[in-house]
2 protein chains.
Amino acid sequence: MFEPSTLKDIAKALGLSTSTVSRALRDTHEISPETKKIVLEYAEKINYRPNPIALSLKERRSKSIGVIVSEVANHYFSQAINGIESIAYSRGYHVIITQTHESYEREKANIQHLASRSVDGLLVSLSAETSDTSYLQSLHKRGLPMVFFDRVADDIETHKIIANNEKGAFEATEYLIKKGCKRIAHLTSSAHLSISIERLEGYKQALEKYGLPFNQDYVKYCPHGGMFYEETETAVKELMALEEKPDAIFIAGDRLSIGCLVVLKNLKINIPEDINVTGFSNSDVLDLFNPPLTSVRQPAFEMGQIATEKLIKLIESKYPVYEFEKEVLETSLQVRDDL
Amino acid sequence: MFEPSTLKDIAKALGLSTSTVSRALRDTHEISPETKKIVLEYAEKINYRPNPIALSLKERRSKSIGVIVSEVANHYFSQAINGIESIAYSRGYHVIITQTHESYEREKANIQHLASRSVDGLLVSLSAETSDTSYLQSLHKRGLPMVFFDRVADDIETHKIIANNEKGAFEATEYLIKKGCKRIAHLTSSAHLSISIERLEGYKQALEKYGLPFNQDYVKYCPHGGMFYEETETAVKELMALEEKPDAIFIAGDRLSIGCLVVLKNLKINIPEDINVTGFSNSDVLDLFNPPLTSVRQPAFEMGQIATEKLIKLIESKYPVYEFEKEVLETSLQVRDDL
DNA sequence: TAAATCTATGCAATCGTTCCCGGCTAGCTT
DNA sequence: AAGCTAGCCGGGAACGATTGCATAGATTTA
């Protein structure tokens, strides 16, 4: 079943050699116009398509890039993926998407699977659980091109595309402060993630600017990025059990933001009466939420595009690249006040 | 850069032939235990991994399956993809996801790209725009295994996994009727999609059972599945411009349901005062919406799993398969009343 | 003791494609 | 007329892995 035609088939049918057929199809100058015409017409007729696997073997590249994200069911990542695809397909590259579900083990397995399947490069956003990136290091040292986006590994020298997390976090916290909140908690993903560190920093800076004290008890981490309901629930409960209950929460991630709203609803904690909330999210439908959630939005699509462009440039570079850039894109605060 | 080691490298280093090395690694009985040990240890040391591309060329299969959905940023599809991955990876298959964004052209391009990249099989959910499936037909005739899920092509003989759309639609409509609605509109995707036809049928049956008249003006199609805001907006506006305004809308899809809520909000049409709404959706956070949306939920994860199992069975079958099944899974009505 | 069997290994073809190299036949130059 | 070049084409190696067959030496058997 399903036996695609090969060069050899054409050669046999036309009484030519495979090399002639190959050259005719690739439009080399050393094939006579008549032969070319015959070959092209026959190839068209039997709908010949070169076998990409054979090509990959010969060219030692697969024209495909691997993408590692925590999950596609995340507004930020699904938008970033659209950006990635838009560039990749226009440049003739395949996109293979894998999900870590915030698990280090799955991340490692997926990436090694991709690398051994000969993807030409990797677009990586680390999982929440990942703190050890040595396996990535070794792939990188062996010359596999990779570009990080969103959640980057600081100890690997390559291109990185991130949002201005500090400023985004600053603005979100400032927004809460200007609404009159005094005790602002911070719910975030795992502590070693680059985005967690940067967003925490922005949060701290806003507190400092407005003369509010920083209280470590107000910072709650979710090592699994809120993949389990219980994780988020515990964090919220701990916050609400504090002697000095927070009057606001700034949330550092897309999944976490929505997860936190669910928890608050289930715990019958009302927004904004009992507590104010704002967070990072790229969801388009936050307006529909009750109450609407003011959010920090990242330029996900553009981040995906830029990361892919840089990756393809790395892949197609004739010489090893040693100059790497960290591109920082601005976020935007989407104010949704329940007036 | 990045030159993985090959059988030849090992053979040369150890003074053996590639065939011996190959056999030693595959643990054939005809290699002496000592040789095996030496080869295995050396392979381990240099971290040898067989080149999957060379293997694909030889075995004439790639151990990868292609998935075609409208978009991953859709709760139904992202859950289905998780189901697909869970089975595929456990069976050693790669998953390549492509998005059509409801466009026929992109669907065709993606599928032909996948087929020419030698995926071993296809998991297909048709785009809203697709009515001509002849290009799929021809691939199928040439022997490429494929399984449809959710949005199926009736004229292609293969396995199909769908939800009980008729019953789901019936229950949703019935729910609206029991709430007292008399003029129930139906907002749906493009008319030729299998799910549209089945859901319309369930809607009609509910109307009939409860003695309500069927009015064609109350049925609005979105040929692009609501990919553009304007498309949904126009449909809703047309409904609300009718002489006998509907007092409820039953919506036939995930994206459409959420899109419709956004439109209603922007048009300042209030739920449930001005109109009642219910629809198909697999979103986990509908509870957070204002007002909450009662929805029909499909067993997306299971559908993905079953489709993948059947596809792999097709792929690995030694003989051509002519007996195909249509598996129908039950939906569940998630009642969310704003009491 | 010679033949048969067995063990351990190497050779070479194969998958589909590209490309280097070399050969042949014109036609052109001197 | 002999040599040269250009145009056109085929042969075969290579990419990395598997595998049927051949073959070497060692061992067993009649």
Side-chain angles (χ1 to χ4, degrees), chain A residues 1-40 42-43 46-64 92 115-120 142-143, chain B residues 1-40 42-43 46-64 92 115-120 142-143:
Chain A
M1 27 194 217
F2 198 58
E3 290 299 337
S5 42
T6 72
L7 280 188
K8 211 187 283 180
D9 299 337
I10 302 182
K12 203 175 292 173
L14 263 41
L16 293 167
S17 75
T18 57
S19 14
T20 305
V21 175
S22 170
R23 273 183 280 248
L25 290 172
R26 324 196 81 238
D27 206 24
T28 326
H29 63 276
E30 49 181 357
I31 299 293
S32 72
E34 306 90 68
T35 313
K36 269 185 197 169
K37 188 153 170 280
I38 296 172
V39 171
L40 281 172
Y42 187 76
I46 64 167
N47 194 29
Y48 168 78
R49 296 267 174 276
N51 181 328
I53 298 198
L55 275 176
S56 291
L57 181 60
K58 190 128 225 320
E59 314 265 325
R60 299 150 140 245
R61 66 202 165 81
S62 57
K63 275 275 189 177
S64 64
S116 85
R117 286 239 26 125
S118 320
V119 289
D120 296 340
R142 281 160 57 194
Chain B
M1 23 200 226
F2 197 59
E3 290 300 336
S5 40
T6 71
L7 277 189
K8 210 188 281 179
D9 299 336
I10 302 181
K12 203 176 291 175
L14 265 39
L16 293 167
S17 76
T18 57
S19 24
T20 306
V21 175
S22 170
R23 274 184 274 248
L25 290 172
R26 323 197 83 239
D27 205 26
T28 327
H29 64 276
E30 49 181 357
I31 299 292
S32 72
E34 307 92 67
T35 314
K36 267 185 200 169
K37 188 154 169 279
I38 295 172
V39 171
L40 281 171
Y42 186 76
I46 64 167
N47 193 30
Y48 168 79
R49 297 265 174 278
N51 181 329
I53 298 201
L55 277 174
S56 292
L57 183 60
K58 187 135 221 332
E59 313 269 326
R60 296 148 144 256
R61 62 197 170 86
S62 58
K63 274 273 184 181
S64 64
S116 85
R117 285 243 20 129
S118 321
V119 292
D120 296 340
R142 280 159 59 194

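All values reported here derive from a predicted model rather than from experimental measurement. Convention: sequence-line order gives letters A, B, ...; per-chain numbering from 1.
The phosphate of D:dG16 (OP1 or OP2) has no side-chain N or O of B:Tyr48 nearer than 4.0 angstrom. B:Arg60 has a side-chain polar atom (N or O) that falls below the 4.0 Å cut-off from OP1 or OP2 of C:dG16. Remark: B:Lys8 is in phosphate contact with D:dC15, judged by side-chain N or O atoms under 4.0 Å from OP1 or OP2. In terms of phosphate contacts, A:Thr18 brings no side-chain nitrogen or oxygen within less than 4.0 Å of OP1 or OP2 of C:dT18. An OP1 or OP2 oxygen of C:dT18 is reached within less than 4.0 angstrom by no side-chain nitrogen or oxygen of A:Ser19.
You'll find a donor-acceptor pair under 3.5 Å spanning the side chain of B:Arg23 and the base of D:dG20, going by distance alone. For D:dC9, its base sits under 3.5 Å from the side chain of A:Glu30 at one donor and acceptor pair at least. Counting atom types as modelled, A:Ser17 pairs no side-chain N or O with a base atom of D:dG11 as donor and acceptor under 3.5 Å.
A residue-by-residue look at B:Thr20 and A:Leu55 shows that B:Thr20 has its nearest nucleotide of DNA chain C further toward the 5' end.
Counting non-hydrogen atoms under 4.0 angstrom, B:Thr6 reaches the backbone sugars and phosphates but no base. The residue B:Leu7 sits close to a base: some heavy atom pair falls under 4.0 Å. Using a 4.0 Å heavy-atom distance criterion, B:Arg49 is classed as a sugar-phosphate-only contact. Here B:Ser22 lies in heavy-atom contact (under 4.0 Å) with a base. The residue A:Leu16 sits close only to the backbone: its heavy atoms come under 4.0 Å of sugar-phosphate atoms, none of a base. In this structure, B:Thr35 reaches the sugar-phosphate backbone alone: every heavy-atom distance under 4.0 Å involves primed, P, OP1 or OP2 atoms, never a base.
Side-chain contact between A:Lys37 and A:Pro33 is absent, with no heavy-atom pair separated by less than 4.5 Å.
Separating the NE2 atom of B:His29 from the P atom of C:dT7 is a distance of 8 Å, rounded to the nearest angstrom.
The CD1 atom of A:Ile53 sits 10.5 Å away from atom OG of A:Ser62, with the distance rounded to the nearest 0.5 Å.
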